[in-house]
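Taking it in order: structure first as structure tokens, then the write-up.
Just follow the structure's listing: the first ligand is 1, and inside any ligand the first atom is 1. On a predicted model such as this, the values are computed, not experimentally measured, just so you know. For this chain, numbers begin at 1 and follow the sequence in order.
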Amino acid sequence: MAPISIKRILISESVDPCCKKILQENGIQVTEKQNMSKDDLIAEIKDYDGLVVRSATKVTADVINAAGNLKIIGRAGTGVDNVDVDAATIKGIIVMNTPSGNTISAAELTCTLLMSLSRHVPQAAMSMKAGNWDRKKFMGAEMYGKILGIVGLGRIGKEVASRMQSFGMKTIGYDPITPPEVTATWGVEQMSLEQLWPKCDYITVHTPLMPSTAGLLNDTSFAKCKKGVKVVNCARGGIIDEDALLRALESRQCGGAGLDVFVEEPPKNRALVNHPNVISCPHLGASTKEAQARCGQDIALQIVDMVMGKSLVGAVTRNHSEGLTQGACEVEISVNGCSYRATGSVQGGVPVLLELNHSVFRQPVSLTGNLLFFKAVASPPLLPSVTGFLATAGVEMESFSAPAARSGDQWYCVGLSSLLGDLGALKPLVKAAAQVSV
Ligand SMILES: NC(=O)c1ccc[n+]([C@@H]2O[C@H](COP(=O)([O-])OP(=O)(O)OC[C@H]3O[C@@H](n4cnc5c(N)ncnc54)[C@H](O)[C@@H]3O)[C@@H](O)[C@H]2O)c1
Ligand SMILES: O=C(O)[C@H](O)COP(=O)(O)O
């Protein structure tokens, strides 16, 4: 990888001091300026090669287009939804994050909110401070024996599961990518959302915010839940529809909510925050000394390694000069120790996959519907074998995308009428398989 020249970096938020120190020790000039307005940032950014942010700085297309020299946007944390990654990709600006640095802290806050909901600790503490001694009002419920639904079984979902299991909770969940056989090894039984909603005493969401997760919990899904279900959102505002949540709280269909994140931060509409059964925090999931130290250090070291041409870790986009098609974006996803490198783009408004782990598809694969990806040795009997397998499983093959190369291990993609219940049965035919619903 070619070294990239980064001489000046702007840190626009409160990032652990170790970040600045590491960058400076490696010859990079660092300026820290917090609480800038959009106009201030647009005026300031043109002087920098790099920008380091957390979640509050909105790195919009306007900001990116005003940045003549910008080569890197470093996110000291997980979510990059405050960065216009498409605009950055088009300009060849690398966006990188530090996705594991705050996992434990976010998981611990989630558990704190779950437990606070069960025992009304914040409300009881406020009542004590107001001079009361009300033992009846704050009658709680044990976590022991209750069912926790975890929607999104990635890094944080997994850590929440193990911690809540230690309280004797039964953990069930749903994730379109993490395979059920993997989550079963950490004690989480997967099922469809339709099956999950009515079973849960508590639900916690741990997905990114994207079109398929916005409003995952809405009027319809709340109606399918147990009366009095308690919900937690430490992921992103909007995964639980805020208006639907308020309606569910008012009708008592929802018995309480723990919210760390909001659609608008800080929220101007205070109806949820002020609701007596809502416990809320000002986006504190990553706000621990440990998480901040990890994220600050990780982002600085990742930038330094990139400048030195050593490695490109945590990038959610890659520089076009490294050979990507214009407008294409390469992502590296690590799921349970397996790393998947995918190149995709948007064609005619539809997200498409161009390449998976070095298998270049003959035609772009449209990322819609139920998709089965599998790795197998290219051979003439492969397609009939897979077709036969799907027919036996009662699933229709809606599309078949083959790789351009016709020899060796290659990745294939099959569009399915519905997801397969058991991928294990494919084992004799393929070397690896994963399925997603987009
Ligand atoms: N409150 C905070 O301060 C804080 C701190 C860290 C992370 N976060 C947020 O928490 C969320 C989870 O972070 P993570 O590190 O665990 O991410 P992750 O990428 O490890 O896990 C996300 C999981 O969501 C799954 N997913 C995607 N679409 C889904 C869908 N439609 N239904 C169910 N699951 C789906 C993915 O397959 C993946 O396994 C992100 O939104 C992140 O930004 C918040
Ligand atoms: O996605 C994240 O990393 C969290 O939401 C934390 O955001 P923060 O760095 O602004 O606290």
Numbered atoms of ligand 1 (with element) below 4.0 Å of Gly152, judged on heavy atoms: 24 (O), 33 (C), 34 (N)

Protein heavy-atom partner closest to atom 11 (C) of ligand 1 - residue, atom, separation in Å: Thr207 O, 3.6 Å

Close approach of Glu13 to ligand 2, heavy atoms, under 4.0 angstrom: no

Closest approach of any protein heavy atom to atom 16 (O) of ligand 1, naming residue and atom: Ile156 N, 2.9 Å

Pair Thr89-Asp86, side-chain donor/acceptor within less than 3.5 Å: no

Gly79: numbered ligand 1 atoms lying under 4.0 Å from its heavy atoms: 43 (O)

Distance-only side-chain donor-acceptor flag, Asn370 / Ser437, under 3.5 Å: yes

Nearest non-hydrogen protein atom, atom 42 (C) of ligand 1: Thr78 CG2, 4.0 Å

Separation between CD1 of Ile147 and CD1 of Ile203, rounded to the nearest 0.5 Å: 11.0 Å

Side-chain donor-acceptor pair present, Ser12, Thr57, cut-off under 3.5 Å: yes

Rounded distance [0.5 Å steps], CG in Leu117 versus CE in Met143: 8.0 Å

Structural part of Val261 in contact with ligand 2, heavy atom criterion under 4.0 angstrom: neither

Whether Tyr340 and Trp411 hold their rings parallel, tilted or perpendicular, with breakpoints at 30° and 60°: perpendicular

Protein residue, atom and distance nearest to atom 2 (C) of ligand 2, heavy-atom basis: Arg75 NH2, 3.0 Å

Proximity of Thr213 to ligand 1 by residue part, where a heavy atom lies under 4.0 Å: side chain

From Ile22 atom CD1 to Leu301 atom CG, the distance as rounded to the nearest 0.5 Å: 4.5 Å

Shortest protein contact, atom 4 (C) of ligand 1 (heavy atom only): Cys234 O, 3.7 Å

Glu265, Gln292, Arg236, Arg54: member with heavy atom nearest to atom 8 (P) of ligand 2: Arg54

Contacting atoms of ligand 1, where contact means under 4.0 angstrom from a heavy atom of Thr178: 39 (O)

Neighbour count >12 (heavy atoms, 6.0 Å) for atom CZ, Arg163: yes

Nearest-neighbour protein heavy atom for atom 21 (O) of ligand 1, which is reported as residue plus atom name and distance: Gly154 CA, 3.3 Å

Thr103 N/O to ligand 1 N/O under 3.5 Å: no

Contacting atoms of ligand 2, where contact means under 4.0 angstrom from a heavy atom of Gly79: 1 (O), 2 (C), 3 (O)

Nearest-neighbour protein heavy atom for atom 32 (N) of ligand 1, which is reported as residue plus atom name and distance: Tyr174 CE2, 3.4 Å

Would you tabulate the side-chain donor-acceptor contacts of residues 99-107 under 3.5 Å, counting partners in other chains and residues two or more places apart, or write 'none'?
from, atom 1, to, atom 2, distance (Å)
Asn102, OD1, Thr78, OG1, 2.8
Thr103, OG1, Ser100, O, 3.2
Ser105, OG, Thr288, OG1, 2.6

Salt-bridge contact Arg8-Asp49 (side-chain N to carboxylate O under 4.0 Å): no

Backbone or side-chain N or O of Ala286 under 3.5 Å from ligand 1 N or O: yes

Residues, nucleotides or ligands: over 12 heavy atoms within 6.0 Å of Met210 CE: yes

Part of Ser55 within contact of ligand 2 (heavy atoms, under 4.0 Å): both

Nearest neighbour in protein (non-hydrogen) for atom 3 (O) of ligand 2: Thr78 N, 2.6 Å

Part of Asn102 with heavy atoms under 4.0 Å of ligand 1, whether side chain, backbone, both or neither: side chain

Contact atoms of ligand 2, heavy-atom distance to Ala286 under 4.0 Å: 6 (C), 11 (O)

Stepwise side chain to side chain contact (heavy atoms under 4.5 Å, CB included) check, Thr185 with Glu181: CA-CA 7 Å; Thr185 65; Glu181 50 276 29; over 6 Å; no

Sub-4.0 Å atoms of ligand 1 with respect to non-hydrogen atoms of Leu153: 39 (O)

Protein heavy atom at shortest distance from atom 37 (O) of ligand 1: Asp175 OD1, 2.6 Å

Within 6.0 Å of NZ in Lys227, more than 12 heavy atoms from elsewhere: yes

Ser287 N/O under 3.5 Å from ligand 2 N/O: no

Option of least heavy-atom distance to atom 10 (O) of ligand 1 (set: Pro176, Ala235, Pro208): Ala235

Residues, nucleotides or ligands: over 12 heavy atoms within 6.0 Å of Lys33 NZ: no

Gln195 versus Ser192, side-chain donor and acceptor atoms under 3.5 Å: yes

Enclosure of Gln24 CD (heavy-atom neighbours >12, cutoff 6.0 Å): yes

Non-hydrogen atom of Met210 closer than 4.0 Å to ligand 1: yes

Val151 neighbourhood, listing ligand 1 atoms whose heavy-atom distance to it stays under 4.0 Å: 33 (C)

Ala106 contact mode with ligand 1 (heavy-atom cut-off under 4.0 Å): side chain

Contact atoms of ligand 2, heavy-atom distance to Gly77 under 4.0 Å: 3 (O)

Within reach of ligand 1, part of Asp81 (heavy-atom separation under 4.0 Å): neither

Between Tyr48 and Thr31: side-chain donor-acceptor atoms closer than 3.5 Å: yes

Nearest protein heavy atom with distance in Å, relative to atom 5 (O) of ligand 2: His283 NE2, 2.6 Å

Nearest-option assignment for atom 15 (O) of ligand 1, heavy atoms, candidates Gln190, Arg155, His206, His283: Arg155

Within 6.0 angstrom of Lys427 NZ, more than 12 heavy atoms from elsewhere: no

